[in-house]
Each structure stands twice: as structure tokens, then as C-alpha cells.
Amino acid sequence: MNIFDLKTPIRYLLIVYVSVFALSCKKEFAGDAKQQLPPETYMVVDKITRSGDQRLTTTVDAHWWGISQTGIIKGYEYSIDNQLTWTFTAKQSGTFLLTIPFGADTADVAVYVRAVDNLGQHDPTPASTLYPVRNSAPYISIDNSNGHKSSSFPAFRYYWIANDTDGVADIQGIEVAFNDTAKIYSLPANTTAASFAARINSGVISNSFFVYPNSKTIPNTDMLGGIKFDSLNYFYVRAFDRSGARSKWAKDSIFIRKPQSDIVLINDYTGSKNYYQSFYAGRLNAMGVPYSLYDSITTPKDDLPNDNFTIQRTFDYFKKVIWFSNDANATLSNASQNTSNFFYNGGRMLLVIDIGGSYTYTESQVTFTPISSFVSPPNSSDQFKMNPGDTLKALQTGWPDMYTGGNIFSVSFRPYFLQGQSGSYLYDGLYNGNLVIPASPNPIPWTGQSLLISRRRNIVDGSTNLIFSAMPLELLQGSPNNIDSVFRRIVRDELKF
């Protein structure tokens, strides 16, 4: 029976009852759910007690866990700066580098941890462990991985490695000194190497050194002193941290040579060097004063710095270079990368390279020379040779011909094509070789390009600043022997040594 057919009082009571029942069910369904409480966090210990040397280093380990009565632990946040900043982690352990206040060597530092639940609620009362820590002094060592130099001209470079148990960020500076650790030169904390180059005042090399930290090409404002010329020098380096603690001095020694003049011989021969050294030194000595005073670099790999920048600073001390080599790749690479400033500042060079027939070059190696490209023999197995007594034909008026000696046939040559005129330079051929290709029963005369010696001249004033020879000059002492007169012509008249 439909309740709306009942008499009014009963119908009214039923409607009220149903309405109240309905309202009471809705309230029960929509009522406040039981609140999820914030999580709780626990650490293994809340304090570690140690003193003196028993204090921990600033790198510490911590372990923790969390509990949520009604939710799920999502992760944790930790703070090592007295709760100023927090970092999230899903782990229940961590290794931390604690910071000791600047100038102090010990501190009690707390690691705080608070759990985070699935609602993003944090433990309002984080757990913590108090660590008694002490500062560790940094440590440093000379880095010889780039090679070790026992002697140098007054442009050289040192490398070192500094570290700290308390973290590299704890290092606040580097200190270096030469010979006397009472005279200290300070460098930034991130310095791992420095070049030292003596200042030149009006052509005079001084005892004040420019300092170039790391890869800087502009020196620090402050100059460094304490280095002695023509003497063994002791180099010291150490690091200091934020507490003022300093590492032990790392020490090395290096003999610093002061250039005797602005002339240097660079002997880049592999194997036996003495013969070639004597040949070029003898030619200079025969010319008399002032040519008898010069410096020598016996092997660039050993006597020059390991980096291009400091090599370039070494070239700053010289205006005149005689460079002779049988290592075309090494010499041309070194010269092409490091002589731009030398020539820009008025430097002049005689470059003589014994370039064998199998030499494979790159264009960048020869761009600074008069060479456009090398001549290839007719067949890959062929080599260009010269016979004893053959002529090296002069191409310029006033230059005498030269003649090969008896051991010439043991050497092969690579003639080359000359560059065209550039924006800055003119190029002239000086000597062609009477080349042959060995064959049986008789050598075959070569009628192609045979240029072996040339020069580079300044387009403005016509002065010569580079003479390049692909013919070793010591091979040109045949009869008549004109090598001394040609050498004087090259060095004194053309290059103005």
C-alpha cells in the first residue's frame, strides 16, 4: 500500500521518519574521517661523544628509519645546516660532509632527518645525531703526469694536485714559493697549475716573474720573486683550508737558465745529435763575435715546457732561431703552433728539416712556411735522391751554387711547391736540387719541380724573416765547398742575425 494513501497524521509521521533516517545516513557517510597523523623519525643514536684526536673527520655516516601509524612512509629529508635547508632522499642512510665554521678546527654538528608520508606530511620533530668532528688539513703533491723538467729557460710551468678529507670545497687557497718559504705567493683555491715567465724590460730579462694561473693568458697583477738564474731553484707549493690548516709543502727543483743572447739553436734531431750541433755551432763560431754567444735547446721535448702557451713565452726571450731537425712531424707541429708571436714581434728563423720521402704532412703544419704542398714521386715506391757532387742550383743573383758531399745518396728528399703571394708575405725560391729517381742500370733524372730551399719576405719592406730548407745543410760540403759563404748569406745578410 502506498503510504500517501494513509490518513494525514500517519502519513506525516512516516515522511518525517524517512527524512530523519535519510539525513542520519548521509551524515554518517560524509562525516570526518580519522585524521592521518604525521610520521615519526628515529636515528640509531642521538649523540656521539668523542674529544681531541678521537673526534670524527667531517665525512660521517648516518642511519635512520620512520614510522607512520596510519599512512605510508614516502621518503626522508635531511639537513646538515641546522635545518636551514632540507634535501629529499628515499634512502635510510647517507654519507655527509659536515662543515666546520670558518676559522675553527673542531665543531659539534648535527644531522637532522625527518620522515615524509604519502600525504606529504613531515615529522614536526625531526630526529638528529650530534657528531663531534675535527678539521683535517689538506694535502698536496707535485703532478708530473705532463712530464718533469729538470732545467728550463725562465718560462716554465708547474702542475699539482690538492685534496682534502673534508672535501675539495674546504680548500681556500694555494701558496707557492721559490727557494725561501718565508716569501709566499698566494693563488686561488681552484689553481692546479701555473706558468712562470720572467719579465723583459727594454730587452733585459729581470728576476721578477709573471704568474699565469691555470689556463690564463693574462698574468696576475702581482709579480713573483725569489728565482735565481743559472742556478738550481727549489719550488714549494701547499694548500690551506677554511680553518687555516695548511698541508705540508710539496717540493721540487729546477735549474733556471738565463739566455746568453737573443740567438738560440734548437737541435731537434733524433738519435745522435752531436754532429749536427757541432755543424751549426761551428758555422756560427766561424762568423765571430757576436755570433759566438748563443743558447742551445738540445731536444725541444726535454728542454721546452709541455704546454704551448709557456713555449711561446720561452720564444719571447729570443729574436733569432736556427732550428734543425730530422723529425718533420714534431718540428713542424711545434713551430706552427708556437711561433706566431715570435714572428709578429720581429723574430727571424732558419728552419732546416731533413724531410724523408715517406713523410706524410698536414696542411696546418706547413702554413707558416713557404711551402704550398710537397711534390710526390711518380710511383709510391720511388724516392727523390741526389748523387755525390751534384749541384744545388742558386735561383737568386749573388747566391753561390752548393754541391753535395759523398754520403748524399743515403738520403731521400721531398721537393715542394711554393706558396703564392699572401696578404703579409712574398715567397721566393732560393735553390733547386738536381734530383734523380734511383733505377737500374742508371738513375732517372727528375725534370719536375725540385725546389728545396726558399724564403719568406715581409710584403711591406721586403725583409726576410724565415728561410726554410728541406735539404740538410751539412750534406752540402762537396767541392767547391761554399757552405760557409751561403750560411753567412742566410744568417747575416738575409735574416740579419
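Under the 30°/60° scheme for interplanar angles, the aromatic rings of Phe153 and Phe318 are found to stand perpendicular.
No cation-pi contact links Arg238 to Phe240, judged by a cut-off of 6.0 Å to the six-membered ring centre and 45° from its axis.
Each salt bridge (Lys or Arg N to Asp or Glu O under 4.0 Å) pair with one or both residues in residues 259-288, not counting sequence neighbours, appears once here: Asp262-Lys320, Arg283-Asp484. Listed by first and then second residue, the salt bridge (Lys or Arg N to Asp or Glu O under 4.0 Å) pairs involving residues 328-346 amount to none (not counting sequence neighbours). Sorted by first and then second residue, the salt bridge (Lys or Arg N to Asp or Glu O under 4.0 Å) pairs with a member in residues 306-318 read Arg313-Asp316; sequence neighbours excluded. Residue pairs meeting the salt bridge (Lys or Arg N to Asp or Glu O under 4.0 Å) criterion with at least one member in residues 160-170, sequence neighbours excluded, are Asp170-Arg242.
Residues Asp327 and Ser325 bring no donor and acceptor atom of their side chains to less than 3.5 Å of each other.
Contact check for Trp160 versus Ile174: side-chain heavy atoms found under the 4.5 Å cut-off.
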Distance-only donor-acceptor hits, side chain of residues 216-231, under 3.5 Å, sequence neighbours excluded:
residue, atom, partner, partner atom, Å
Asn220, ND2, Tyr185, OH, 3.3
Asp230, OD1, Lys258, N, 3.2

Scan the side chains in residues 103-112 for donor-acceptor partners under 3.5 Å anywhere in the protein, sequence neighbours excluded, and list what turns up.
residue, atom, partner, partner atom, Å
Asp108, OD1, Arg55, NH1, 3.1
Asp108, OD1, Arg55, NH2, 3.4
Tyr112, OH, Asn82, OD1, 3.4

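Residues meeting the ring-ring contact (aromatic ring centres under 6.0 Å, His included) test with Phe255, sequence neighbours left out: none. Take Phe196 and apply the ring-ring contact (aromatic ring centres under 6.0 Å, His included) test, not counting sequence neighbours, and it matches Phe156, Phe178. Remark: Tyr361 pairs with Phe374 by the ring-ring contact (aromatic ring centres under 6.0 Å, His included) rule, at least two apart or across chains. Contacts of Tyr427 classified as ring-ring contact (aromatic ring centres under 6.0 Å, His included), with partners at least two apart in sequence or in another chain: none. In this structure, the salt bridge (charged side-chain N to carboxylate O under 4.0 Å, His left out) partners of Arg457, at least two apart in sequence or on a different chain, are Asp428. Every residue two or more places apart in sequence or in another chain that forms a side chain to side chain contact (heavy atoms under 4.5 Å, CB included) with Ser243 is listed here: Asn135, Asp241, Ala245.
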